[in-house]
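Encoded as structure tokens, the structure appears first; notes follow it.
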Amino acid sequence: ALGGAGCVVALGASAGAGCGGAPPKVITAGTSGLVMDDRIVPLYCGGLDYWSYDPSLWETLLERLSRIGINTLGVSVPWSEHETAPGQYDFGDIDPRKDINSFIELAAGRQLNVMLRLGPLLPTISGCGIPTRLLFDQRVAARSARDTVPVGHTPDGQFPQPSIHSATLIQEMAGWLDQLAVRLTPMMNNSGGPVVAVMIEGALSFFGSLGYPYAADYHPDTLALYRGRLAERYGTIESLNRVYGTSYQDFGLVEPPREFLAQRLDNLPPYLEWVDFRRWAENHSLDKIEQMLAEREITGVPIIRKAPM
């Protein structure tokens with residue numbers, strides 16, 4: 001995975017030259033690196049958090065990465081670092097460290113490819129890169145089986161876990177991506193820029209708790225998604241009742257299990273359904289993020305989906 005400064009990922013046998021602004025006709029992800037115009041470019045990737053360093057240091061840091069054989073720069077773009085107020089963002093006008101375009105242009109000048117890590121959840125960053133105002137918004141906070149708010153952890157602290165299925169969070173994310181796309185689309189490889197791949201993050205609503213199926217997420221918008229999937233799968237509430245051994249009158253009344261109470265094999269379907277839904281929901285969230293990027297023309301490069309196994 002791509003990390004912060006000092007994290008190195010190597011794929012392939014030898015370093016290839018970065019694209020440096022010359023766009024290949026086709027770029028795909030292969031088993032040995034990126035495939036550009038039928039040419040394999042192995043990835044030797046180092047991460048550098050531009051927003052953590054004074055811009056006067058960027059050139060030196062990039063030069064040092066290039067000197068040790070890095071040919072691709074992993075760049076995390078935290079929402080929380082750029083938002084100054086709801087709907088307002090700083091891309092270098094206030095704090096020059098936030099000038100992502102200048103940073104990417106410097107990387108291109110060093111013949112470095114760029115792989116953007118857009119999240120929206122970035123597990124190694126404070127609050128996972130979500131603005132604090134949203135982390136503490138009850139409309140966004142995930143819910144446990146007991147209807148409490150589960151707590152997430154990053155190296156520098158704790159925070160209320162957000163639910164990626166929250167309609168409020170998705171709406172806010174759309175505004176963030178609108179502004180980000182204006183800056184990033186000219187940087188994409190198909191526009192002549194050095195960005196050759198984009199990573200989006202999974203494990204957004206369950207934070208590594210897939211092995212603990214009753215930990216989270218019972219957010220109202222997650223439950224609406226669950227019930228909608230049941231309706232698609234069963235068609236009628238009578239069909240679900242026959243399998244579950246229940247007497248629900250409507251899919252909107254179906255409750256997911258909040259602890260394991262099955263006594264017999266024929267009690268298992270709702271429990272298995274909930275476990276299956278949680279895994280499906282992770283991929284559904286990635287589908288949604290990828291769709292939002294495509295709608296804003298952040299396209300033309302491989303989208304790397306970091307999802308639970």
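Note that the coordinates shown come from a computational prediction; the quantities given were computed from them, not determined experimentally.
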Check: Would you call R296-D178 a salt bridge at under 4.0 Å N-O?
Finding: yes
Checklist line | D266: partners by salt bridge (charged side-chain N to carboxylate O under 4.0 Å, His left out), with sequence neighbours left out | finding: R264
Note to self: Using a 3.5 Å distance criterion without hydrogens, assess whether the side chain of R117 forms a donor-acceptor pair with backbone atoms of S76.
What the structure shows: no
Next item on the list: Evaluate the criterion ring-ring contact (aromatic ring centres under 6.0 Å, His included) for residue pair W274 and F277; output intermediate values, then yes/no.
Entry: CA-CA 5 Å; W274 176 244; F277 164 76; 5.5 Å; yes
Note to self: Strictly distance-based, threshold 3.5 Å: is any side-chain N or O of Y271 a donor or acceptor partner for the main-chain N or O of L261?
What the structure shows: yes
Notebook entry, point to check: Take atom CZ in R64; do more than 12 heavy atoms of anything else shown fall under 6.0 Å from it?
Noted result: no
Notebook entry, point to check: Any salt bridge between R39 and D37, counting N to O under 4.0 Å?
Noted result: no
Notebook entry, point to check: D49 and S52: side-chain donor and acceptor closer than 3.5 Å?
Noted result: no
Name every donor-acceptor pair, under 3.5 Å, that has one atom in a side chain of residues 225-232 and the other anywhere in the protein, sequence neighbours excluded.
| unit_1 | atom_1 | unit_2 | atom_2 | d |
| --- | --- | --- | --- | --- |
| R227 | NE | V254 | O | 2.7 |
| R227 | NH2 | V254 | O | 3.1 |
| R227 | NH2 | E255 | OE2 | 2.8 |
| R229 | NH1 | D276 | OD2 | 2.9 |

Check: So, E59 and R110, do they make that salt bridge, N to O below 4.0 Å?
Finding: yes
Check: Looking at side-chain heavy atoms only, is the closest gap between P302 and I27 below 4.5 Å?
Finding: yes
Next item on the list: Using the ring-ring contact (aromatic ring centres under 6.0 Å, His included) rule, collect all pairs that involve residues 94-120, keeping only residues at least two apart or in two chains.
Entry: Y50-F103, W58-F103
Checklist line | R242/E238 ion pair, N-O < 4.0 Å | finding: no
Check: With a 4.5 Å heavy-atom cut-off, do L121 and I164 have their side chains touching?
Finding: no
Checklist line | Partners meeting side-chain contact (heavy atoms from CB on, under 4.5 Å) with Q158 (sequence neighbours left out) | finding: V151, H153
Notebook entry, point to check: With a cut-off of 6.0 Å (strictly less than), are more than 12 heavy atoms of other residues, nucleotides or ligands near CG of L265?
Noted result: no
Item checked: Residues which pass salt bridge (charged side-chain N to carboxylate O under 4.0 Å, His left out) with D38, listed by chain and number, not counting sequence neighbours -> none
Next item on the list: Without swapping roles, check the side chain of S144 against the backbone of R146 for a donor-acceptor pair under 3.5 Å.
Entry: yes
Check: Can you name the nearest heavy-atom pair linking L240 to Y248, along with the distance?
Finding: CD2-CD1, 3.9 Å
Checklist line | Any side-chain heavy-atom pair of L62 and L73 under 4.5 Å | finding: yes
Next item on the list: Count the heavy atoms of every other residue, nucleotide or ligand shown that sit under 6.0 Å from CZ of R183, and state whether that count exceeds 12.
Entry: yes
Check: Taking atom types as modelled, is there a side-chain donor on N241 or T246 under 3.5 Å from an acceptor on the other?
Finding: yes
Next item on the list: Considering non-hydrogen atoms only, spot the tightest contact between D90 and K98 and give its length.
Entry: O-CB, 3.4 Å
Item checked: Pair E83-W79, side-chain donor/acceptor within less than 3.5 Å -> yes
Check: Side chains of S163 and D217: is there a donor and an acceptor less than 3.5 Å apart?
Finding: yes
Next item on the list: Could you list the residues that satisfy salt bridge (charged side-chain N to carboxylate O under 4.0 Å, His left out) with E105, not counting sequence neighbours?
Entry: none
